[in-house]
There are 2 protein chains.
Amino acid sequence: MVKRRISLKDIARELGVSISTVSRGLRDHPDISGELIVRIKELARLRRYTPNPMAMGLLKQRTRMIGVIIPDLLTHFFSSVISGIEEVAKEHGYFVIISSSNESYQKECENIENLMKARVEGFIVCVSQETRDYSHFEQIIDAEMPLVFFDRVCLKDKVPTVTVDNFTASRLITHHFHENGARRIAYISGPEQLSISEERKAGYLSGLRECGLKFRPEYFEECDLSPSSATMATQRLLGLGSPPDAIFGINDTVVFAVMKEIRKSGIAIPDDILLVGFTDEFHATVVEPTLTSVIHPTHEMGQVAAGLFFELVENVGIRPRSVQLETSLVVRNSSVKKSKT
Amino acid sequence: MVKRRISLKDIARELGVSISTVSRGLRDHPDISGELIVRIKELARLRRYTPNPMAMGLLKQRTRMIGVIIPDLLTHFFSSVISGIEEVAKEHGYFVIISSSNESYQKECENIENLMKARVEGFIVCVSQETRDYSHFEQIIDAEMPLVFFDRVCLKDKVPTVTVDNFTASRLITHHFHENGARRIAYISGPEQLSISEERKAGYLSGLRECGLKFRPEYFEECDLSPSSATMATQRLLGLGSPPDAIFGINDTVVFAVMKEIRKSGIAIPDDILLVGFTDEFHATVVEPTLTSVIHPTHEMGQVAAGLFFELVENVGIRPRSVQLETSLVVRNSSVKKSKT
DNA sequence: CTGAAAGCGCTAACAG
DNA sequence: CTGTTAGCGCTTTCAG
């Protein structure tokens, strides 16, 4: 089907020299005469010679491929992280193979297996929300392949990670709510096994304490990050005898569902209830009212993740280094009462 | 860095047989005794042997990699198409390498070059909006590599394509507007060189004619698919002496910007102006009012694209086959006056 | 029934 | 300065 591409042999034959001469010539080996080098390079360019990565891979046992596993492809957050990863990968001459776990533990395992079969050199992963067992990741470590986690992490003592300061971010949200008059602040979290769930909850608790509010368990909800479960969580909150006057959710997708449900109940945002999201999806500025949200440095997160990956590739046995990035709260209309502005 | 993985040689040595025996045993070659086959397979499983794709690639000149080039990673539309491609690719044991052109002609060329160097077997592409010259695609064809276009296409006589029926879709939108009382129907298109721009414009014109409306050039705008240029187009439309009472845009991203701009002008959707999008991004249901839009069978589009790709892989010299999929208009609140409902 | 050898494209050590 | 050879992992003749 595919035309055989030009190889060293072809060039060597045409020039009447040996394959190794061509190989050396192309890489400016000092043993080759300047004049010959020029002739070799000229013909190589003319024939559009490019080295066969399969052959190189076999020889050097390097594929220059990174396996990236993310929970979904549809979220702006992940796409943006990927663009950061790809940028750095390309600088190093690496390719990125993206697989989505669809938030499924089983698919995550399958993806790892498949990518290992394809001989990726290592992995950059954001853990699926279902994942509670980490043996598939330990397998990667046992095979001495580079592994980096971003955003949602685990096995922190063995694996380099890039995260954001979730604790501070949700502390600040709580304060922001309090400053804007809210006293019954609710948080809709994700599955408890996710690192981001836990960290954001801790920040929420700390924020409440600092504001002199006490934690009320009925204002703490968990969902599985799907719009439908976020909707149900919202219904429970709105159905309380004393419903919350402020809600923030673990991400914008969740909060969009919350918003829809609130609107359905005829409650006004921000007048009756304040709303804040997380990760600042593109459409945060399109909805009405525009959504206050925590901006993640997503592109940078990808760059840093890839950076850590290459530290691992280059330095065998480096000890895991973790990077924490800062977020910032963009205040829009959903969290500030119009009367106040 | 990476542990060398188990090879046929390792198994052969351990079993005290030759490499070729193991190779054959693993593939149930009739020449190998049943008993030996069992022993070989058992050890292979035990040692977690998987064939080295580099070696296979070298030998068979097949990499089982497909290069996919899309205009951006951030749009739900493309992510969803990719999921369809990946599904079919996986069934065939292929991997997908995704590259984004960022709507740039130059990046599109670079991506093709890079992926060719990486020896992908072929390409599935959605053309960037900037692309007017097609020689980089012809290069793929000249190399006898499989190439399939989806959504935005070109070189239709040489390359299999998957598209939607853009003509009918925008005809129906025009009719829908007309039925809902609009008489001054505007269309914000994309760059003229894009196949989808042209087809949707043709449907718009045909729809107008069928509704007994005449085409007014001032109601036809072009933008470069960015929110900012969509905003400018909207400003021009709203600034007309007799502004349109209905607008549809080439995609939802454009229409979100239109919506924002209309809202800023204090004009009411749908009461003063009707609005319809294209491609039904996830957030169409989140905005207020919810956006009427044309649903694309995105996942299916990916599956079909990959299907065509494998037809090309399997049948040398097959003549290009094109598939056109149907869309459907989901009517939501942005295009039906409340008084009417 | 099984093994040896060649070759896919390339580099590197070893000879000239 | 240049060529020969071996080997990365695998399949496939060709010999036994």
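Numbered from 1 within each chain, the chains take letters A, B, ... in sequence-line order.
For the ring-ring contact (aromatic ring centres under 6.0 Å, His included) test, no residue two or more places apart in sequence or in another chain qualifies with F123(B). Among residues two or more places apart in sequence or in another chain, the ring-ring contact (aromatic ring centres under 6.0 Å, His included) test is passed with Y105(B) by H136(B). Evaluation of the side chain to side chain contact (heavy atoms under 4.5 Å, CB included) rule for A118(A) yields F95(B) as partners, not counting sequence neighbours. Partners of R24(B) under the side-chain hydrogen bond (donor to acceptor under 3.5 Å, both in side chains) rule, at least two apart in sequence or in another chain, do not exist in this structure.
At a threshold of 4.5 Å between non-hydrogen side-chain atoms, the residues L8(A) and L26(A) count as touching. Side-chain contact between I97(A) and V68(A) is absent, with no heavy atoms from C-beta onward closer than 4.5 Å. Side-chain contact check for V153(B) versus V159(B): every heavy-atom pair is 4.5 Å or farther apart.
DNA chain C is contacted by no residue of residues 89-96 of chain A, taking any non-hydrogen atom closer than 4.0 Å.
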Indicate every side-chain donor-acceptor pair of residues 40-49 of chain A with a distance under 3.5 Å to a residue at least two apart or in another chain.
from	atom 1	to	atom 2	distance (Å)
K41(A)	NZ	D28(A)	OD1	3.0
K41(A)	NZ	D28(A)	OD2	3.0
R47(A)	NE	E14(A)	OE1	3.1
R47(A)	NH2	E14(A)	OE2	2.5

Shorter than 3.5 Å, N or O on both sides, protein versus nucleotides 6-10 of chain C: list them out with atom names.
from	atom 1	to	atom 2	distance (Å)
dC8(C)	OP2	K9(A)	NZ	3.3
dC8(C)	O3'	Q61(B)	NE2	2.9
dG9(C)	OP1	R4(A)	NE	2.8
dG9(C)	OP1	Q61(B)	NE2	3.2
dG9(C)	N2	A55(A)	O	3.3
dC10(C)	OP1	Y49(A)	OH	2.5
dC10(C)	OP1	N52(A)	N	3.3
dC10(C)	OP2	L8(A)	N	2.6

Sort me out a list of protein N/O and nucleotides 13-16 of chain C N/O pairs below 3.5 Å, or just none if empty.
from	atom 1	to	atom 2	distance (Å)
dA13(C)	N6	R24(A)	NH1	3.2

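The pair R64(A)-E121(A) does not count as a salt bridge, with every side-chain nitrogen at least 4.0 angstrom from each carboxylate oxygen.
Not one N or O on the side chain of R39(A) forms a donor-acceptor pair closer than 3.5 Å with the backbone of E35(A). Within the 3.5 Å criterion, the main-chain N or O of N111(B) finds no donor-acceptor partner in the side chain of N114(B).
Interatomic distance, CG of D133(A) versus SG of C109(A), reported as 7.5 Å (0.5 Å rounding). Taking CZ of F150(B) as the reference point, atom CD1 of I85(B) lies at 5.0 Å (rounded to 0.5 Å).
The CD1-P distance, from I40(A) to dT11(C), rounds to 12 Å in whole Å.
For residues 70-81 of chain B, every residue pair satisfying the side-chain hydrogen bond (donor to acceptor under 3.5 Å, both in side chains) rule, not counting sequence neighbours, is listed here: D72(B)-T75(B), S80(B)-T298(B). Sorted by first and then second residue, the pairs that involve residues 92-112 of chain B and meet salt bridge (charged side-chain N to carboxylate O under 4.0 Å, His left out), not counting sequence neighbours, are E103(B)-R152(B).
Axis angle, first five pairs versus last five pairs of the helix from dC1(C)-dG16(D) to dG16(C)-dC1(D): 60°, rounded to 10°.
Regarding contacts with the backbone of dG3(C), a side-chain N or O of S18(B) is found under 4.0 angstrom from either OP1 or OP2.
A 4.0 Å heavy-atom criterion places the boundary nucleotides of DNA chain D facing chain B at dC8(D) to dT13(D), written 5' to 3'.
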